[in-house]
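So the structure is just underneath, and the comments pick up after that.
All of these numbers come straight from a predicted model, not from anything done at the bench.
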Amino acid sequence: MPLAARHRRVGPELPYGIDDLDALVRVVSQRPRTVRCYVRGCEQELETPRRGHAGTVCPEHGVYCHHSSVGSTYNYRDVRRNIIASPDLFAHGIVGHPFKYESHRLGLERSEDTLSWNVFRSFAEAGQLARVAQAITGTTLTHEPHLYLWGISACDDDFLPWPLLEAARERFESNLPVDRPLTEPDIALHLPGKYLILIEATFTSPNTFYQHGPRTKKDSLTLAELLSIYRDNDLRILDHARAEQAHRVAYQLWRNTVFAEWMARQDHPRTMAYHVNLVRSGYESDTAAEFAELVTEDHLDRFDRLTWERLYELAEGVRGLERLRRYLETKTAGLIKAFRV
């Protein structure tokens with residue numbers, strides 16, 4: 001049965017949003033650092049997490065409150081409170097999944113992974129993923145694509161790993177020079193024989209880069225290694241000569257573009273590959289434009305920047321996506337409004 005036709009297992013309430021939170025942090029003491037709960041009107045005093053101590057959870061609101069010189073945020077004791085689409089399914093199928101890195105971070109206010117699930121699983125449950133694909137590819141195909149999140153099938157309830165991604169990892173990452181996580185596309189939309197879209201999502205973190213020179217961390221690659229390892233002479237979207245001359249390269253965008261094209265070729269000769277950098281409005285426009293300079297002239301339409309706010313617009317007037325729009329309207333990052341909607 002198509003996902004859109006099933007019973008939609010939504011949570012009883014949205015995650016805490018701009019109307020629920022108090023951005024004015026009230027510090028009660030410094031040793032140990034203690035703050036009032038961030039939910040407006042709550043007087044509970046909570047120790048913030050620190051090394052060796054998880055912090056104390058608000059008994060009424062189920063949140064741990066973080067506070068430091070770089071800002072304030074919170075996380076949920078129960079990850080399901082961070083989820084607006086099929087929270088029980090998410091908790092049992094995604095949390096702890098062996099194919100998902102860092103599933104312990106899914107309760108965070110700033111988690112881009114839970115944001116990705118909430119947005120794209122909502123589109124899937126409404127039967128509207130093709131609407132997103134149309135905005136990216138410019139096609140008018142109305143068949144629903146298959147949704148993958150972090151390489152896991154996410155528009156059904158099986159949560160099986162994506163064989164095409166496993167094949168790409170074997171092709172490019174079977175002999176990496178350092179011990180590091182394998183490529184994990186945040187979001188993918190795949191309509192076999194038509195298109196394969198990989199999406200690199202950011203929320204509060206920026207795109208990251210490799211520059212020329214030695215390894216900067218024990219688990220990072222050098223720029224030369226990136227360009228050497230993620231290369232296939234049959235691929236045409238990226239310009240290696242330009243990349244070798246560039247001062248820096250956004251390595252996640254590079255790896256995912258290579259993967260998108262290689263996987264599309266494995267799928268079918270006519271499958272079109274696309275890569276998208278999904279960001280907040282007003283962010284990452286310069287870095288996306290910088291990366292676009294590394295795309296060959298004949299394939300400029302295969303890489304693009306998309307905003308979460310644009311997805312909010314695509315949900316307008318669509319039955320079944322009212323809850324998603326309200327979520328994006330009230331979503332916070334660091335206790336303040338996250339999106340320009």
Can you list, pair by pair, the side-chain donor-acceptor contacts under 3.5 Å of residues 26-35, counting residues two or more places apart and other chains?
from  : atom 1 : to    : atom 2 : distance (Å)
Arg26 : NH2    : Cys42 : O      : 3.1
Ser29 : OG     : Pro32 : O      : 3.0
Ser29 : OG     : Thr34 : OG1    : 3.3
Gln30 : OE1    : Arg33 : NE     : 3.3
Arg33 : NH1    : His67 : O      : 2.8
Thr34 : OG1    : Pro32 : O      : 3.0

Check: residues 241-249 side-chain donor-acceptor pairs under 3.5 Å, at least two apart:
from   : atom 1 : to     : atom 2 : distance (Å)
Arg242 : NE     : Asp239 : OD2    : 3.3
Arg242 : NH1    : Glu293 : O      : 2.7
Arg242 : NH1    : Val295 : O      : 3.4
Arg242 : NH2    : Glu297 : OE2    : 3.2
His247 : NE2    : Gln211 : NE2    : 3.3
Arg248 : NE     : Glu290 : OE2    : 3.0
Arg248 : NH2    : Glu290 : OE1    : 3.1

Distance-only check: which donor-acceptor pairs under 3.5 Å involve side-chain atoms of residues 53-62, not counting sequence neighbours?
from  : atom 1 : to    : atom 2 : distance (Å)
His53 : ND1    : Gly55 : N      : 2.9
Thr56 : OG1    : Glu47 : N      : 2.7

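The salt bridge (Lys or Arg N to Asp or Glu O under 4.0 Å) check on Glu184 picks up Lys100, with sequence neighbours excluded. Checked against salt bridge (Lys or Arg N to Asp or Glu O under 4.0 Å), Glu45 has the following partners two or more places apart in sequence or in another chain: Arg36.
Using the six-membered ring where Trp is involved, Tyr148 and His190 have ring planes that are tilted, between 30° and 60° apart. Taking the six-membered ring for Trp and thresholds of 30 and 60 degrees, Phe99 and His97 have ring planes more than 60 degrees apart, a perpendicular arrangement. In this pair, Tyr76 and Tyr74 present their aromatic rings perpendicular. The plane angle is above 60°, beyond the 30 to 60° band.
Arg326 and Glu329 are joined by a salt bridge, as a carboxylate oxygen and a charged side-chain nitrogen come within less than 4.0 angstrom of each other. Here Asp113 does not pair with Arg105 in a salt bridge; the nearest charged N to carboxylate O distance is not below 4.0 Å. Here Arg325 does not pair with Glu322 in a salt bridge; the nearest charged N to carboxylate O distance is not below 4.0 Å. Between Arg121 and Asp157 a salt bridge is recorded (basic side-chain N to carboxylate O distance below 4.0 Å).
Under the 6.0 Å distance and 45° angle rule, Arg81 counts as a cation-pi partner of Tyr16.
Here the CG-CD distance, from Leu165 to Glu170, works out to 12.0 Å after rounding to the nearest 0.5 Å.
Between the side chains of Glu125 and Ser86, at least one donor N or O sits under 3.5 Å from an acceptor N or O. At a cut-off of 3.5 Å, with distance as the only test, no side-chain donor of Tyr210 or Ser220 sits close to an acceptor on the other residue.
For the side-chain contact (heavy atoms from CB on, under 4.5 Å) test with Thr114, the passing option among Ile94, Ile84, Leu106 is Leu106; the others fail. Applying side chain to side chain donor-acceptor pair (under 3.5 Å) to Asn277 and the options Asn207, Thr202, Asn256 leaves one that passes, Asn207.
Within a 6.0 Å sphere centred on NZ of Lys194, heavy atoms belonging to other residues, nucleotides or ligands number 12 at most. At most 12 non-hydrogen atoms from other residues, nucleotides or ligands lie less than 6.0 angstrom from CG of Asp179.
In summary, the aromatic rings of Tyr230 and Trp254 are positioned with their centroids too far apart to meet the 6.0 Å limit.
In the hydrophobic clustering, Leu24 connects to no other residue, as no ILVMFWY side-chain heavy atoms lie under 4.5 Å from its own.
Counting only heavy atoms from C-beta outward, the side chains of Ile136 and Tyr195 never approach each other to under 4.5 Å.
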